[in-house]
K.L.:
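Can you keep this structure in mind? I'll have questions shortly.
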Amino acid sequence: MEIEALRQATLTMKDPLADGYRSLTEIRSAYRRSLTERDAIAAHLVREEGWTLSEVAHVICGVRHHTDWAETIVTWTEPSDAVPDAERLLYPAQQAVEELRELHSLAAAKIQNSQEKPRAHEGDALERLMAEEGRLQQVRTFHDTAEAARDVVGANLVAHHGWRPRQVAALAGAEVPDITAAYEVARLSPPSEADTEYLLELAGLTDHLRAATAEQAARVELAKSRVSTAA
């Protein structure tokens with residue numbers, strides 16, 4: 001039910017910045033929870049029920065030869081003490097992960113394909129300025145949140161998967177200090193949260209929101225000039 005509610009919120013968003021911020025924040029939170037649940041089941045199957053890393057990789061990666069990835073996840077993850085019907089639970093858990101990952105892509109694409117239109121404001125020039133400044137703060141918050149998520153996912157590749165910070169920074173369009181600053185948070189994050197497609201998606205979203213922030217800052221300056229003219 002949670003996934004369906006998130007899907008409806010994404011499909012019906014009217015304001016790509018306000019609604020998009022809420023949607024992506026909620027989707028990322030649900031995605032991380034679903035990864036944690038799935039990984040715990042997978043770890044239980046390997047440690048308690050004799051599954052091979054190849055079998056786990058086949059379910060969570062779609063191919064059997066990604067055993068290194070599966071081993072990293074299983075080794076890091078603390079399995080649940082008891083998981084009745086773990087094998088039966090793994091497949092719907094994986095489906096939830098895939099659906100949320102696809103939903104994140106959908107929401108990010110809707111936001112990046114949208115165009116911020118000048119907003120009509122009633123009232124005097126000062127009220128319009130206040131409204132534009134409020135919008136600027138909103139866009140900046142969204143950008144900063146997306147950038148932080150990008151850096152953590154990038155640092156995850158360093159912390160858990162052996163990538164070099166410079167490699168990740170080049171892929172993400174970030175600075176090396178951005179990635180290294182997020183290392184401690186990434187170290188405590190599930191290894192399965194990191195993949196290059198997810199990183200590129202967050203990088204694209206960050207770039208879009210950086211441009212949107214600059215455009216909104218220009219609108220604030222225009223509103224300021226109108227206040228000066230009216231004074």
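One is the number of the first residue; the rest follow in order along the sequence.
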K.L.:
Are Val83 and Ile73 linked, directly or through intermediate hydrophobic residues, by side-chain heavy-atom contacts shorter than 4.5 Å (ILVMFWY only)?
P.N.:
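Linked, Ile73 and Val83 end up in one cluster.
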
K.L.:
Side chains of Arg140 and Gln137: donor-acceptor distance under 3.5 Å anywhere?
P.N.:
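Gln137 and Arg140 do not have a side-chain donor-acceptor pair below 3.5 Å.
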
K.L.:
Indicate yes or no: at least one non-hydrogen side-chain atom of Glu4 is less than 4.5 angstrom from one of Glu99.
P.N.:
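Sidechains of Glu99 and Glu4: no contact.
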
K.L.:
Can you see which heavy atom on Ala146 is nearest to which on Leu205, and at what distance?
P.N.:
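Taking Ala146 first and Leu205 second, the nearest heavy atoms are CB-CD2, 4.0 Å.
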
K.L.:
What do you reckon, are the aromatic ring centroids of His161 and Trp69 less than 6.0 Å apart?
P.N.:
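Yes, the ring centres sit under 6.0 Å apart.
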
K.L.:
Taking atom OH of Tyr21 and atom OG1 of Thr141, what is their separation to the nearest 0.5 Å?
P.N.:
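Spacing of OH (Tyr21) from OG1 (Thr141) equals 6.5 Å.
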
K.L.:
Considering all heavy atoms of both residues, which atom of Glu78 and which atom of Ala40 are nearest to each other, and what is their separation?
P.N.:
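So the minimum-distance heavy-atom pair works out to O-CB, 4.2 Å.
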
K.L.:
Rounded to the nearest 0.5 Å, how far does CG of Leu103 lie from CG of Leu24?
P.N.:
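Those atoms lie 8.5 Å apart.
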
K.L.:
Please determine if Arg135 and Glu132 form a salt bridge, counting it only when a charged side-chain N lies under 4.0 Å from a carboxylate O.
P.N.:
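The answer is no: the pair does not qualify as a salt bridge.
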
K.L.:
Say whether Leu35 and Ile27 are linked into one hydrophobic cluster, either directly or through other cluster members, by side-chain heavy-atom distances under 4.5 angstrom.
P.N.:
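They do share one cluster, since a chain of ILVMFWY contacts under 4.5 Å joins Leu35 to Ile27.
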
K.L.:
Among the clusters formed by ILVMFWY side chains lying less than 4.5 Å apart, do Val176 and Leu157 turn up in the same one?
P.N.:
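Each belongs to a different hydrophobic cluster.
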
K.L.:
Just by modelled atom types, is the Thr213 backbone N or O under 3.5 Å from a matching donor or acceptor in the His143 side chain?
P.N.:
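No.
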
K.L.:
Can any side-chain N or O of Asn156 pair as donor or acceptor with the backbone N or O of Val152 at less than 3.5 Å?
P.N.:
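Here the side-chain-to-backbone pair does not exist.
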
K.L.:
Between Leu100 and Leu6, is a side chain to side chain contact (heavy atoms under 4.5 Å, CB included) present by the stated rule, with each step listed?
P.N.:
CA-CA 9 Å; Leu100 286 164; Leu6 290 172; 3.9 Å; yes

K.L.:
Give me the atom names and distance for the closest heavy-atom approach of Ser114 to Ile111.
P.N.:
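Shortest heavy-atom contact: OG-O, 2.6 Å.
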
K.L.:
At their closest point, which heavy atom of Ala172 faces which heavy atom of Arg150, and how far apart are they?
P.N.:
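Ala172 and Arg150 have their closest heavy atoms at O-CD, 3.6 Å.
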
K.L.:
What are the two closest heavy atoms between Ala93 and Ile41, and how far apart are they?
P.N.:
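Of all heavy-atom pairs spanning Ala93 and Ile41, the closest is CB-CD1, 4.0 Å.
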
K.L.:
Please step through side chain to side chain contact (heavy atoms under 4.5 Å, CB included) for the pair Arg210 and Asp207, ending with a clear verdict.
P.N.:
CA-CA 5 Å; Arg210 183 182 299 112; Asp207 289 345; 2.8 Å; yes

K.L.:
Is there a path of hydrophobic side-chain contacts, each under 4.5 Å between heavy atoms of I/L/V/M/F/W/Y residues, joining Val153 to Trp76?
P.N.:
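Each belongs to a different hydrophobic cluster.
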
K.L.:
Between the main-chain N or O of Leu11 and the side-chain N or O of Lys110, is there a donor-acceptor pair closer than 3.5 Å?
P.N.:
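The answer is yes, because a donor-acceptor pair under 3.5 Å joins these two groups.
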
K.L.:
Report yes or no: do Ile60 and Val97 belong to one cluster of Ile/Leu/Val/Met/Phe/Trp/Tyr joined by side chain heavy-atom distances under 4.5 Å?
P.N.:
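No.
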
K.L.:
Does Arg226 form a side chain to side chain contact (heavy atoms under 4.5 Å, CB included) with Leu129? I'd like the steps, not just the answer.
P.N.:
CA-CA 9 Å; Arg226 288 172 175 168; Leu129 172 59; over 6 Å; no

K.L.:
Side chains of Arg32 and Thr36: is there a donor and an acceptor less than 3.5 Å apart?
P.N.:
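Note: Arg32 and Thr36 side chains miss the donor-acceptor criterion.
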
K.L.:
Look at the side chain of Thr25 and the backbone N and O of Arg22, then say whether any donor-acceptor pair between them is shorter than 3.5 Å.
P.N.:
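Answer holds: no.
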
K.L.:
Please check if the number of heavy atoms outside Glu197 that lie under 6.0 Å from its CD is greater than 12.
P.N.:
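Counting other residues, nucleotides and ligands, CD of Glu197 stays at 12 neighbours or fewer.
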
K.L.:
How far does CG of Asp68 sit from NE2 of His65, to the nearest 0.5 angstrom?
P.N.:
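The NE2 atom of His65 is 10.0 Å from CG of Asp68, to the nearest 0.5 Å.
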
K.L.:
Please examine the side chains of Leu90 and Glu55, heavy atoms only from C-beta on, and report whether any two atoms are closer than 4.5 Å.
P.N.:
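The answer is no, as the side chains (C-beta and beyond) never meet within the 4.5 Å cut-off.
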
K.L.:
Is any NZ, NE, NH1 or NH2 atom of the basic residue among Arg38 and Glu98 found under 4.0 Å from an Asp or Glu carboxylate oxygen of the other?
P.N.:
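Salt bridge between Arg38 and Glu98, a charged N being under 4.0 Å from a carboxylate O: no.
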
K.L.:
Donor-acceptor check, side chain of His160 to backbone of Ser189, threshold 3.5 angstrom: yes or no?
P.N.:
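Yes; judged by distance alone, with no hydrogens or angles, the pair exists.
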
K.L.:
Would you mind checking if Arg33 and Glu2 are paired as a salt bridge, meaning a charged N to carboxylate O distance below 4.0 Å?
P.N.:
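Answer for the salt bridge query: yes.
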
K.L.:
Ignoring hydrogens and geometry, is there a side-chain-to-backbone donor-acceptor pair from Glu127 to Asp124 under 3.5 Å?
P.N.:
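Such a contact is found between Glu127 side chain and Asp124 backbone.
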
K.L.:
In the structure I gave you, are the side-chain heavy atoms of Leu202 and Arg28 within less than 4.5 Å of one another anywhere?
P.N.:
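Touching, per the 4.5 Å side-chain cut-off.
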
K.L.:
Is it true that a side-chain atom of Arg47 and a backbone atom of Val74 form a donor plus acceptor pair closer than 3.5 Å?
P.N.:
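Side chain of Arg47 to backbone of Val74: a pair is present.
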
K.L.:
To the nearest 0.5 angstrom, please state how far the NE2 atom of His104 sits from the CD atom of Glu26.
P.N.:
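It comes to 12.5 Å.
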
K.L.:
Does some side-chain heavy atom of Trp51 sit less than 4.5 Å from a side-chain heavy atom of Val59?
P.N.:
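When only atoms from C-beta onward are counted, Trp51 and Val59 do touch, with a gap below 4.5 Å.
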
K.L.:
Verify side chain to side chain donor-acceptor pair (under 3.5 Å) between Arg101 and Ser105, making sure each step is shown before the conclusion.
P.N.:
CA-CA 7 Å; Arg101 181 66 187 82; Ser105 295; 2.9 Å; yes

K.L.:
To the nearest 0.5 Å, how far apart are CD in Glu133 and CD in Gln216?
P.N.:
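The CD atom of Glu133 sits 10.0 Å away from the CD atom of Gln216.
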
K.L.:
Might you point out which heavy atoms bring Val139 and Leu209 nearest each other, and give the distance in Å?
P.N.:
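Heavy atoms of Val139 and Leu209 come nearest at CG1-O, 4.1 Å.
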
K.L.:
Are the side chains of Trp163 and Thr196 in contact, using a 4.5 Å heavy-atom criterion?
P.N.:
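Counting from C-beta outward, Thr196 and Trp163 do come under 4.5 Å.
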
K.L.:
Give the C-alpha distance, both sets of side-chain angles, the deciding distance and a yes or no for side chain to side chain contact (heavy atoms under 4.5 Å, CB included) between Glu193 and Tyr198.
P.N.:
CA-CA 8 Å; Glu193 188 178 14; Tyr198 194 33; 4.2 Å; yes

K.L.:
Can you measure from CD (Glu71) to OG (Ser54) and round to the nearest 0.5 angstrom?
P.N.:
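Atom-to-atom, Glu71:CD and Ser54:OG are 12.5 Å apart.
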
